[in-house]
> 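Sharing a structure with you now.
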Amino acid sequence: MYSFQTGANKRKSKQTIRLLSVVIFILIVALAGITYSYFQAKRVSDVTSESILARATSEAAEAQSAVYRLTQSSGTNTMTLLSTVRGHVYALQCLNTLAANIYGAGTSVVDGDLLSTCLDTVLQCEQRLQTGSVLTDLFTQLRDNVDAVVATFNAA
(Lines give C-alpha, C1' and ligand atoms only; values in the text may rest on other atoms or scores of the structure.)
Protein backbone atom coordinates (compact mmCIF):
# COMPACT_ATOMS: atom_id res chain seq x y z
CA MET A 1 0.00 0.00 0.00
CA TYR A 2 0.88 3.56 -0.51
CA SER A 3 1.29 5.88 2.34
CA PHE A 4 0.53 9.53 1.88
CA GLN A 5 1.40 12.29 4.20
CA THR A 6 -1.57 14.39 4.85
CA GLY A 7 -0.88 18.04 4.19
CA ALA A 8 2.28 17.54 2.11
CA ASN A 9 0.56 18.94 -0.89
CA LYS A 10 -0.66 21.92 1.11
CA ARG A 11 2.88 22.65 2.34
CA LYS A 12 4.27 22.53 -1.20
CA SER A 13 1.49 24.76 -2.34
CA LYS A 14 2.16 27.29 0.44
CA GLN A 15 5.90 27.28 -0.31
CA THR A 16 5.19 27.87 -3.99
CA ILE A 17 2.82 30.72 -3.16
CA ARG A 18 5.41 32.28 -0.80
CA LEU A 19 8.12 31.98 -3.46
CA LEU A 20 5.89 33.51 -6.11
CA SER A 21 4.92 36.30 -3.69
CA VAL A 22 8.59 37.10 -3.06
CA VAL A 23 9.38 37.07 -6.81
CA ILE A 24 6.38 39.31 -7.57
CA PHE A 25 7.37 41.69 -4.78
CA ILE A 26 10.94 41.90 -6.14
CA LEU A 27 9.61 42.54 -9.65
CA ILE A 28 7.30 45.30 -8.38
CA VAL A 29 10.17 46.97 -6.52
CA ALA A 30 12.40 46.69 -9.61
CA LEU A 31 9.68 48.15 -11.83
CA ALA A 32 9.17 51.04 -9.42
CA GLY A 33 12.92 51.73 -9.42
CA ILE A 34 13.13 51.68 -13.21
CA THR A 35 10.09 53.94 -13.51
CA TYR A 36 11.58 56.41 -11.04
CA SER A 37 14.89 56.39 -12.93
CA TYR A 38 13.12 56.95 -16.23
CA PHE A 39 11.16 59.95 -14.97
CA GLN A 40 14.28 61.39 -13.34
CA ALA A 41 16.25 61.08 -16.60
CA LYS A 42 13.37 62.58 -18.57
CA ARG A 43 13.20 65.55 -16.20
CA VAL A 44 16.94 66.14 -16.56
CA SER A 45 16.65 65.86 -20.34
CA ASP A 46 13.80 68.38 -20.41
CA VAL A 47 15.71 70.84 -18.23
CA THR A 48 18.79 70.47 -20.45
CA SER A 49 16.75 71.03 -23.59
CA GLU A 50 15.06 74.10 -22.14
CA SER A 51 18.42 75.51 -21.03
CA ILE A 52 19.99 75.05 -24.46
CA LEU A 53 16.99 76.63 -26.15
CA ALA A 54 16.96 79.57 -23.72
CA ARG A 55 20.68 80.19 -24.26
CA ALA A 56 20.27 79.98 -28.03
CA THR A 57 17.36 82.42 -27.93
CA SER A 58 19.46 84.81 -25.87
CA GLU A 59 22.45 84.53 -28.22
CA ALA A 60 20.23 85.16 -31.25
CA ALA A 61 18.67 88.22 -29.61
CA GLU A 62 22.10 89.58 -28.70
CA ALA A 63 23.33 89.03 -32.27
CA GLN A 64 20.27 90.85 -33.58
CA SER A 65 20.87 93.73 -31.19
CA ALA A 66 24.50 93.99 -32.30
CA VAL A 67 23.51 93.91 -35.99
CA TYR A 68 21.00 96.71 -35.51
CA ARG A 69 23.60 98.76 -33.65
CA LEU A 70 25.97 98.00 -36.52
CA THR A 71 23.58 99.34 -39.15
CA GLN A 72 23.02 102.49 -37.08
CA SER A 73 26.62 103.12 -36.03
CA SER A 74 28.81 105.88 -37.34
CA GLY A 75 31.60 103.50 -38.30
CA THR A 76 34.03 104.02 -35.43
CA ASN A 77 33.08 100.81 -33.67
CA THR A 78 32.18 98.70 -36.72
CA MET A 79 34.92 96.12 -36.20
CA THR A 80 33.97 95.69 -32.55
CA LEU A 81 30.32 95.17 -33.42
CA LEU A 82 31.23 92.73 -36.20
CA SER A 83 33.29 90.69 -33.76
CA THR A 84 30.37 90.75 -31.32
CA VAL A 85 28.03 89.41 -34.00
CA ARG A 86 30.60 86.76 -34.92
CA GLY A 87 30.85 85.71 -31.27
CA HIS A 88 27.10 85.28 -30.89
CA VAL A 89 26.78 83.35 -34.15
CA TYR A 90 29.70 81.15 -33.10
CA ALA A 91 27.98 80.52 -29.76
CA LEU A 92 24.88 79.38 -31.68
CA GLN A 93 27.05 76.99 -33.68
CA CYS A 94 28.48 75.61 -30.43
CA LEU A 95 24.96 75.11 -29.09
CA ASN A 96 24.09 73.22 -32.29
CA THR A 97 27.09 70.96 -31.73
CA LEU A 98 26.16 70.47 -28.09
CA ALA A 99 22.56 69.56 -29.00
CA ALA A 100 23.79 67.08 -31.63
CA ASN A 101 26.15 65.48 -29.10
CA ILE A 102 23.44 65.16 -26.46
CA TYR A 103 20.41 64.26 -28.56
CA GLY A 104 22.02 62.62 -31.57
CA ALA A 105 23.25 63.56 -35.02
CA GLY A 106 20.84 65.63 -37.01
CA THR A 107 19.59 67.53 -33.98
CA SER A 108 20.13 71.26 -34.19
CA VAL A 109 18.88 74.36 -32.48
CA VAL A 110 19.30 76.59 -35.54
CA ASP A 111 19.87 75.72 -39.17
CA GLY A 112 23.63 75.33 -39.60
CA ASP A 113 23.56 76.68 -43.16
CA LEU A 114 21.94 79.88 -41.96
CA LEU A 115 24.66 80.32 -39.34
CA SER A 116 27.37 79.65 -41.93
CA THR A 117 25.81 82.29 -44.16
CA CYS A 118 25.90 84.77 -41.28
CA LEU A 119 29.57 84.04 -40.61
CA ASP A 120 30.43 84.33 -44.31
CA THR A 121 28.71 87.71 -44.42
CA VAL A 122 30.63 88.86 -41.33
CA LEU A 123 33.87 87.76 -43.00
CA GLN A 124 32.97 89.68 -46.16
CA CYS A 125 32.20 92.75 -44.05
CA GLU A 126 35.58 92.52 -42.33
CA GLN A 127 37.36 92.16 -45.67
CA ARG A 128 35.55 95.14 -47.16
CA LEU A 129 36.21 97.15 -44.03
CA GLN A 130 39.94 96.51 -44.48
CA THR A 131 39.79 97.85 -48.04
CA GLY A 132 37.59 100.80 -47.12
CA SER A 133 34.65 99.75 -49.30
CA VAL A 134 31.00 100.52 -48.70
CA LEU A 135 29.34 98.01 -46.38
CA THR A 136 25.69 99.03 -46.57
CA ASP A 137 24.57 96.11 -48.75
CA LEU A 138 26.42 93.58 -46.58
CA PHE A 139 24.99 95.07 -43.39
CA THR A 140 21.50 94.70 -44.86
CA GLN A 141 22.24 91.09 -45.84
CA LEU A 142 23.66 90.35 -42.38
CA ARG A 143 20.65 91.95 -40.71
CA ASP A 144 18.28 89.85 -42.84
CA ASN A 145 20.20 86.65 -42.04
CA VAL A 146 20.24 87.33 -38.30
CA ASP A 147 16.55 88.25 -38.42
CA ALA A 148 15.92 84.85 -40.04
CA VAL A 149 17.78 83.18 -37.16
CA VAL A 150 15.70 85.07 -34.59
CA ALA A 151 12.53 84.23 -36.54
CA THR A 152 13.23 80.48 -36.05
CA PHE A 153 12.90 80.99 -32.29
CA ASN A 154 9.81 83.16 -32.57
CA ALA A 155 8.10 80.54 -34.75
CA ALA A 156 8.74 77.76 -32.20
Side-chain angles (χ1 to χ4, degrees), residues 17-156:
I17 290 173
R18 280 189 206 136
L19 181 63
L20 285 175
S21 297
V22 169
V23 169
I24 289 172
F25 177 75
I26 290 171
L27 289 175
I28 289 172
V29 169
L31 181 62
I34 289 171
T35 303
Y36 176 78
S37 296
Y38 169 76
F39 283 117
Q40 193 73 3
K42 179 148 178 44
R43 185 185 64 77
V44 168
S45 177
D46 290 345
V47 168
T48 302
S49 179
E50 290 171 6
S51 297
I52 290 173
L53 187 60
R55 181 61 185 198
T57 304
S58 172
E59 290 294 339
E62 290 295 324
Q64 186 180 39
S65 173
V67 165
Y68 278 95
R69 282 183 286 153
L70 184 63
T71 57
Q72 297 169 354
S73 71
S74 62
T76 56
N77 60 351
T78 302
M79 193 57 103
T80 303
L81 289 172
L82 280 173
S83 66
T84 301
V85 172
R86 177 190 296 276
H88 292 299
V89 172
Y90 178 72
L92 286 167
Q93 282 184 323
C94 290
L95 290 171
N96 268 354
T97 303
L98 184 65
N101 288 339
I102 292 173
Y103 300 109
T107 304
S108 65
V109 180
V110 182
D111 181 27
D113 293 335
L114 189 55
L115 295 177
S116 294
T117 302
C118 289
L119 287 178
D120 290 342
T121 306
V122 169
L123 182 62
Q124 290 175 12
C125 287
E126 290 171 345
Q127 290 171 347
R128 277 202 195 170
L129 191 62
Q130 296 293 327
T131 62
S133 301
V134 176
L135 299 170
T136 309
D137 59 329
L138 285 176
F139 285 167
T140 304
Q141 182 182 351
L142 182 60
R143 185 193 66 222
D144 292 343
N145 291 336
V146 171
D147 284 345
V149 170
V150 171
T152 61
F153 294 108
N154 294 337

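These figures come from a predicted structure and were not determined experimentally.
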> Compare every heavy atom of L81 with every heavy atom of A66, then report the nearest pair and how far apart it is.
O-CD2, 4.3 Å
> Could you state the interatomic distance from CG (L98) to CG (L92), rounded to the nearest 0.5 Å?
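Rounded to the nearest 0.5 Å, the CG-CG separation comes out at 12.0 Å.
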> What are the two closest heavy atoms between V134 and D137, and how far apart are they?
O-OD1, 3.9 Å
> Of all heavy-atom pairs between I52 and L95, which one has the smallest distance, and what is that distance?
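Shortest heavy-atom separation between I52 and L95 comes out as O-CD1, 4.2 Å.
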> Does a side-chain heavy-atom distance below 4.5 Å link S133 with Q127?
no
> Hey, what do you get for CZ (R143) to SG (C118), rounding to the nearest 0.5 Å?
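Going from the CZ atom of R143 to the SG atom of C118 covers 12.5 Å.
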> Mark yes or no for whether N96, through its side chain, and S108, through its backbone, hold a donor-acceptor pair below 3.5 Å.
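Checking the backbone N and O of S108 against the side chain of N96, no donor-acceptor pair under 3.5 Å is found.
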> Are L119 and L123 side-chain neighbours, meaning at least one heavy-atom pair lies under 4.5 Å?
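No, side chains not in contact.
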> Taking side-chain contact (heavy atoms from CB on, under 4.5 Å) as the definition, give me every residue that meets it alongside T57, ordered by chain and number, with sequence neighbours left out.
L53, F153
> Heavy-atom distance under 4.5 Å between the side chains of D147 and Y68, does that happen here?
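Yes; the side chains approach each other to less than 4.5 Å.
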> Can you give me every donor-acceptor pair (side chain of residues 21-44, partner residue at least two apart or in another chain, under 3.5 Å) with its distance?
| residue | atom | partner | partner atom | Å |
| --- | --- | --- | --- | --- |
| S21 | OG | I17 | O | 2.8 |
| T35 | OG1 | L31 | O | 2.8 |
| S37 | OG | G33 | O | 3.0 |

> Is R55 close to S51 at the side-chain level, that is, under 4.5 Å between some pair of heavy atoms?
no
> Could you report the tightest heavy-atom contact between V109 and A56, atom names first, then the distance?
CG1-CB, 3.4 Å
> Tell me the closest heavy-atom pair linking V149 and A60, and the distance in Å.
CG1-CB, 4.0 Å
> Is the shortest side-chain heavy-atom distance between T152 and D111 below 4.5 Å?
no
> Please report the interatomic distance CG(D144) to OG1(T117), rounded to the nearest 0.5 Å.
12.0 Å
> Please report the interatomic distance CD(Q141) to CG(D120), rounded to the nearest 0.5 Å.
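CG of D120 is found 9.5 Å from CD of Q141.
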> Using side-chain heavy atoms (C-beta onward) and a distance below 4.5 Å, is L142 in contact with L138?
no
> So V89 and V122, do their side chains get closer than 4.5 Å, heavy atoms only?
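A side-chain contact under 4.5 Å is absent here.
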> Could you give all pairs that pass the side-chain hydrogen bond (donor to acceptor under 3.5 Å, both in side chains) test and reach residues 79-89, with sequence neighbours left out?
E59-H88, R86-E126
